Structure formats: C-alpha cells, structure tokens
**Student:** 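The structure that follows is given in the form of structure tokens.
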Protein chains: 2
Amino acid sequence: MGRTSDTKENLINSAIELIGTRSYNAVGVQELCEHAGVKKGSFYHFFPSKRDLTLEALDLIWKKFKEETLDPVFNSDASTLDKFETLLRMSYEHQSSRKDCTGCMTGCGFGNLALELSTQDEGIRKKIEVIFCEWTKYLEMVIIQAVKEGVFPPKTDPAATSLAMVAYIEGMILLGKTFNDPYMLKRLGEGVLQLCISRTDTAEAYSVG
Amino acid sequence: MGRTSDTKENLINSAIELIGTRSYNAVGVQELCEHAGVKKGSFYHFFPSKRDLTLEALDLIWKKFKEETLDPVFNSDASTLDKFETLLRMSYEHQSSRKDCTGCMTGCGFGNLALELSTQDEGIRKKIEVIFCEWTKYLEMVIIQAVKEGVFPPKTDPAATSLAMVAYIEGMILLGKTFNDPYMLKRLGEGVLQLCISRTDTAEAYSVG
DNA sequence: CTTATAGTTGACCAGTTGGTAAAATACTAA
DNA sequence: TTAGTATTTTACCAACTGGTCAACTATAAG
C-alpha cells in the first residue's frame, strides 16, 4: 500500500560514500540529502536521526564485506595461507581504487567510526564491537582448521591469534591511511602470518621471554 | 613587553583533554574556551583557527609521550624484551586510568585524529605521519641493538619490524577502544613479540609460504 | 612614570547544524 | 474507482558553528 521508493537505500549509500570518505561529524544531514537527491523532510521520514542512518549504513557495509570478501575467500578451497594472502590483496586493491577515485586512502569504515564515535555513542560502539567479533570468528575457524591440518603449530591459540590478526589488519590500515599510501598494506601484509605462530613456540625458537 | 598569561597553554591543554576524549569535530571553539576559562576573542588572539590549535596540541602530546614514556623506557638499561613489556604496561596503565576517570577508553590521540582527519586535512595527516615515523625509529634502534646482541635473529628486518610493531600497537588500541576495555591491551600485548621474528625465519620454522 | 605592547573583552556575523510539522502528492491494493 | 497509506515537499525552528573586530586593560621594560 501507498507509494514505494528507493530513497532510503539512496540515503544509506550516500552515508557510506560521504561518511566513509570524510567522517561522521564532517558530514551533515543536508549534504547527505543533496548527495542522495532528496529533501530533508524525506530523510526524517525514513530515519529518526543521522545516528540511526549510520547504524543502518554499518549493517550494510558489514553485509557487503561478508558477501564480497569474507565468504568468497574463506569458503574457497584455497590453502590457509592463500586465503590470508587473498584477503590482504583484496584489501589492498580496495584501498588503492578508493585512493584512485577520491585522492585519499579512506581506510576501514569500521575502524574509522570506532575511533571517532566509541566514546560518544554506545550503540555505534557496540555495533562495531559485534562486527569485529564476527570478523574474528571467520579467521578463527580457518586457524582451527589449519592447526588440524598441521599447517599451524599445535600450540596455536586460535581465539587469541585471530583477534591479534584483526588488530594487526586494523593497525595496518590505520598506518596506510595516515601515510595516505595503500602500499603500506603490501609492506606490512606479511606480518599477519607471524601472528599465526603461537607465543610459546616463538619463545622456544629464540628463547625470548 | 606587554602582559603575559598562560591562556595559550590552557587552551592547548583543554584541546588535549576534550578532543582527546571525544573527537575533533565533536568539540567546538566555544566549548574549548569555556573549559579553558577564556573568551573566544582570546582564542583567536593566540590561534588563527581550531585546526592550528590542534596542530600545537599534537606537538605537545608527542613531546610528552617522548619525555614520559619513550625516553625513559628506551634509555633504560633493561633488556630488550623488558623494554617492550614496559612500553605495553605503561600503555595499559594509561588507558586504564583514562577509563577510570572518563568512563571510556579514549585510545591513542594520534590514531584517533589520523583516522578522523587524514582525508580532510593534509597538514594534520602529515604531522601524524611524521610522528609515527619518529616513533618507529625509537623501536628500530632497539631492534637493531637486539639483533647485534643476538636476542633477535640475524635476518630480522629492523625497519619493517618496527613499523609492523607500531601498526600492531595502534590496532590493539583501536580494538581496546572499540570494546571499551583496556584489558584488550593485555590480551593482545604478547603478539608484539611475534612480530620480532623475521619473515624468513617464520617460514623456515613452519614451512609456511 | 611613561609608553609600547601583549592580552582581554563582548558584541557581532553569516552560514550551518540537527530536527519538526503539516500539507500536498503519488501510488497500491481492494 | 476509490480509499487509505507511503512518500515528498515546503517552510520553519532555535541553537550553534567557526570566525571577526574594535575598544579596552594590564603590564613589562626603558
């Protein structure tokens, strides 16, 4: 019943585009509306506030990241190492193309919003926390399997290792954005593999600690 | 000649406090002035813009970070591993106390501003890039020495390793802020050491790659 | 003690912020 | 065809944004 439209989707996509390349507080409702070709009244017909738009935008980029990156990579029949390498290569390519068309390496939409808003908006912080947890689970499952297959040493702690990998990836992207240089991801990418070696093995190998 | 005052210092400290716990765009000139007990006219007597205040605030927190943390830790006669452990412990303690008094883990002032402003303000981005480079140099020197002493394997690449460590530390803090849990730094801290092992050694040890 | 200078004040500005409310319009389903 | 509903539009709001300016005041140095 009643009329239908794609205004809501347009607004969400505009939020992903604009907030993604600048920041939450640097983009106003007005600009969001202009970019989406929509009047402000329509905005508030679909969203109670800019914050709620952002929450839905986070849902969408997480869904897309799963569908376009995590699922294809981790459901493939490639080797464990190839999976990590593919994930890193896709991140590099994504950031590179962002820089080509905006002039800037825009970084990770989750990390960006997390650092900007975690202390100010508990709902957004919590949503990104959950996203990082789910992302970690993808990695954890691969690590568990790699240990079973003997690719990773038996003492590997999959939960700790996967969390460390997400931290390291976010840190890589943070440095890449700071240097405005996607090549930073190439330089740092190999470090991800080092986090796969369990702490105790590291200690034994070189008697550190 | 003329009158003296500590208004400028007060404004810089207010910026560190307010922008540090919220974000650049979430804090206005007015609030900065109120917090510093200063009228807006005085603000613009000392700073051409909020952006310029922020640039000076970055200088100060970097200076303090060096004086209070990097210099004492890395000029001590502790072992290499102890130095890293001390650095991590101090980060944990700092973030913990921030959470105790503000309710939030506020994260790294450099990382926060880098992600919020890198795509929007080239001057601020560049300043943080330089800071990360200098920070990396501190770590690099320690790593070079550790290789000499045989604590780290000879194939270690000090430049690559130190950069990876900064990335990992920033990623740890990012996750900690997202989870609003300083304990994340404890959980992830040990991973820093794994980045000290050179890629090739990792590959040899477990035939990965 | 004077004078030049550094610092302070308050009034002001145009533009923007996020958000509201009601009337007008277009469309869908019965 | 119609009735009801979803969407769109317009006009509006108070509060706040970063920033300006000229007048005023305190003080350090000669």
Side-chain angles (χ1 to χ4, degrees), chain A residues 1-58 112-113 116-117 119-125 127, chain B residues 1-58 60 113 116-117 119-125 127:
Chain A
M1 268 183 187
R3 184 144 58 149
T4 61
S5 82
D6 49 1
T7 294
K8 190 173 179 180
E9 286 71 33
N10 289 342
L11 282 167
I12 293 175
N13 286 325
S14 291
I16 292 173
E17 173 70 21
L18 296 179
I19 296 177
T21 55
R22 304 228 286 286
S23 76
Y24 179 84
N25 280 305
V27 177
V29 175
Q30 195 162 298
E31 192 184 358
L32 248 5
C33 292
E34 282 161 14
H35 187 272
V38 153
K39 294 292 172 336
K40 204 190 277 192
S42 288
F43 182 105
Y44 286 100
H45 173 68
F46 289 104
F47 303 100
S49 71
K50 185 172 83 164
R51 182 201 111 108
D52 293 85
L53 202 213
T54 306
L55 249 7
E56 293 210 33
L58 276 169
N112 292 345
L113 284 179
E116 184 181 2
L117 299 176
T119 63
Q120 298 173 79
D121 190 310
E122 181 64 13
I124 286 181
R125 185 198 67 71
K127 167 146 272 166
Chain B
M1 269 184 185
R3 161 138 89 147
T4 60
S5 81
D6 49 0
T7 295
K8 189 173 180 181
E9 286 69 34
N10 289 342
L11 281 167
I12 293 175
N13 286 324
S14 291
I16 292 172
E17 173 70 21
L18 296 178
I19 296 178
T21 53
R22 302 229 288 287
S23 75
Y24 179 84
N25 281 304
V27 177
V29 175
Q30 196 163 297
E31 191 184 359
L32 249 3
C33 291
E34 283 161 12
H35 187 273
V38 152
K39 294 292 169 343
K40 204 190 276 192
S42 288
F43 182 105
Y44 287 99
H45 174 68
F46 290 104
F47 303 101
S49 70
K50 186 173 80 164
R51 182 201 114 106
D52 293 84
L53 203 213
T54 306
L55 250 6
E56 293 210 32
L58 276 169
L60 185 57
L113 284 179
E116 184 181 1
L117 299 176
T119 63
Q120 296 172 80
D121 190 309
E122 180 64 11
I124 287 182
R125 183 197 69 70
K127 167 147 271 166

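Please read all numbers here as calculations on a predicted model, not as lab measurements. Labels below follow one simple rule: chain letters A, B, ... track the order of the sequence lines, proteins then strands, and each chain is numbered from 1.
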**Student:** Write down the atom of Leu60(B), the atom of Asn13(B), and the distance for their closest heavy-atom approach.
**Tutor:**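 Looks like CD2-OD1, 3.8 Å.
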
**Student:** Knowing that exactly one of Glu31(B), His35(B), Glu9(B), Glu34(B) qualifies, which makes a side chain to side chain contact (heavy atoms under 4.5 Å, CB included) with Ser14(B)?
**Tutor:**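 Checked Glu31(B), His35(B), Glu9(B), Glu34(B) against Ser14(B); only one passes side chain to side chain contact (heavy atoms under 4.5 Å, CB included): His35(B).
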
**Student:** Which residues within residues 24-32 of chain B lie with some heavy atom under 4.0 Å of an atom in DNA chain C?
**Tutor:** none

**Student:** Which value, rounded to the nearest 0.5 Å, describes the distance between Asn112(A) atom CG and Thr119(B) atom OG1?
**Tutor:**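 So the CG of Asn112(A) and the OG1 of Thr119(B) are separated by 8.0 Å.
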
**Student:** Shoot me the first and last contacting nucleotide of DNA chain C against chain B, ordered 5' to 3', at under 4.0 angstrom to non-hydrogen atoms.
**Tutor:** dT5(C) to dG10(C)

**Student:** Going by distance alone, is a donor N or O of one side chain under 3.5 Å from an acceptor N or O of the other, for Ser49(A) and Asp52(A)?
**Tutor:**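 Asp52(A) and Ser49(A) do have a side-chain donor-acceptor pair below 3.5 Å.
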
**Student:** Tell me the interatomic distance from Glu34(A), atom CD, to dT8(D), atom P, rounded to whole angstroms.
**Tutor:**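 Taking CD of Glu34(A) and P of dT8(D), I get 17 Å after rounding.
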
**Student:** NA contact type, Phe46(A), heavy-atom cut-off 4.0 Å: base, sugar-phosphate, or nothing?
**Tutor:**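 Result for Phe46(A) = sugar-phosphate.
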
**Student:** Can you give me the closest heavy-atom contact between Glu116(B) and Glu116(A), atom names plus distance?
**Tutor:** OE2-OE2, 3.9 Å

**Student:** If you take all heavy atoms of Ala57(B) and Ile12(B), which pair is closest and at what distance?
**Tutor:** CA-CG2, 3.9 Å

**Student:** Roughly how far, to the nearest 0.5 Å, is CG of Leu113(B) from NZ of Lys127(B)?
**Tutor:**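 The NZ atom of Lys127(B) sits 12.0 Å away from the CG atom of Leu113(B).
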
**Student:** Just verifying a value: how many Å separate Lys50(B) NZ and Phe43(B) CZ, rounded to the nearest 0.5 Å?
**Tutor:** 8.5 Å

**Student:** Could you check how far NZ of Lys40(B) sits from P of dA22(D), rounded to whole Å?
**Tutor:**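 Atom NZ in Lys40(B) sits about 18 Å away from atom P in dA22(D).
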
**Student:** Nearest nucleotide by nearest heavy atom, which residue falls closer to the 5' end of DNA chain D, Lys50(B) or Ser5(A)?
**Tutor:** Ser5(A)

**Student:** How many whole angstroms separate atom OH of Tyr44(B) from atom P of dT17(D)?
**Tutor:**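 Distance, rounded to whole Å: 11 Å.
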
**Student:** Starting at the 5' end of DNA chain C, which residue's closest nucleotide do you reach first, Thr4(A) or Arg51(A)?
**Tutor:**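 Closest to the 5' end, via its nearest nucleotide, is Arg51(A).
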
**Student:** Starting at NZ of Lys8(A) and ending at C1' of dT8(D), how long is that distance when rounded to a whole Å?
**Tutor:**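 Lys8(A) atom NZ is separated from dT8(D) atom C1' by 16 Å.
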
